[in-house]
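First comes the structure, then the notes that go with it.
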Amino acid sequence: MVRYVTDPAKTEAFERFGRRWTELVDAHGGTHHGCFLPAEGASDEALALFSFPGLAAYERYRALFGRAPAFVEADRIRDESGCVLRHERTFMRPTLPGDPPGDG
């Protein structure tokens, strides 16, 4: 999960940024579950939820950051628009029916 603090005046740019990263995650071994922005009320928080089949697949994806042209282009949307003020990444695992305790 990535939690973003956004500039509410630049929501359209954040939506472009989020759609581009959704495509990149899906194209490079992951499943993007969507970017979530406030639906009502004042908020500067957005969330992106995505998963990978395992740590190795995630590390292959992360190795493309700052190197692959499509990844650089996606970050350029964020950097040039200023739509993201800061972000934090949290690694989580689901608890699903039928999963044994402690299984990730």
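Because the structure is predicted, anything quoted here is derived from the model rather than measured.
- F71 CZ to R62 CZ: the interatomic distance, rounded to the nearest 0.5 Å, is 9.5 Å.
- Looking at every heavy atom in both residues, C83 comes nearest to F17 through SG-CB, 4.4 Å.
- Here the shortest heavy-atom pairing between S43 and P8 reads O-CG, 4.0 Å.
- Here the closest heavy-atom approach between residue G34 and residue H32 is recorded as N-ND1, 2.9 Å.
- The OG1 atom of T31 lies 12.0 Å from the CG atom of L49; values are rounded to the nearest 0.5 Å.
- A tilted orientation is assigned to the rings of F52 and Y61, their planes being inclined by 30° to 60°.
- Among residue pairs with one or both ends in residues 2-16, those qualifying as side-chain hydrogen bond (donor to acceptor under 3.5 Å, both in side chains) are R3-E45; sequence neighbours excluded.
- Follow the hydrophobic side-chain contacts under 4.5 Å out from L64 and you reach W21 in the same cluster.
- Summarising the geometry of T22 relative to C35, their closest heavy-atom pair is OG1-SG, 4.4 Å, with the distance given to 0.1 Å.
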Test F50 against V2 for side-chain contact (heavy atoms from CB on, under 4.5 Å), laying out the working first. CA-CA 9 Å; F50 54 92; V2 181; 3.7 Å; yes
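- Between L37 and A46, the closest heavy-atom pair is CG-CB, 4.2 Å.
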Take F91 and Y58, measure what side-chain contact (heavy atoms from CB on, under 4.5 Å) needs, and give me the verdict at the end. CA-CA 11 Å; F91 296 92; Y58 178 72; 3.6 Å; yes
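- Interatomic distance, NE2 of H87 versus CG of L47, reported as 13.0 Å (0.5 Å rounding).
- With sequence neighbours excluded, no residue forms a side-chain contact (heavy atoms from CB on, under 4.5 Å) with A27.
- Under the side-chain hydrogen bond (donor to acceptor under 3.5 Å, both in side chains) criterion, the residue pairs touching residues 71-82 are R20-E73, D75-R78, with sequence neighbours excluded.
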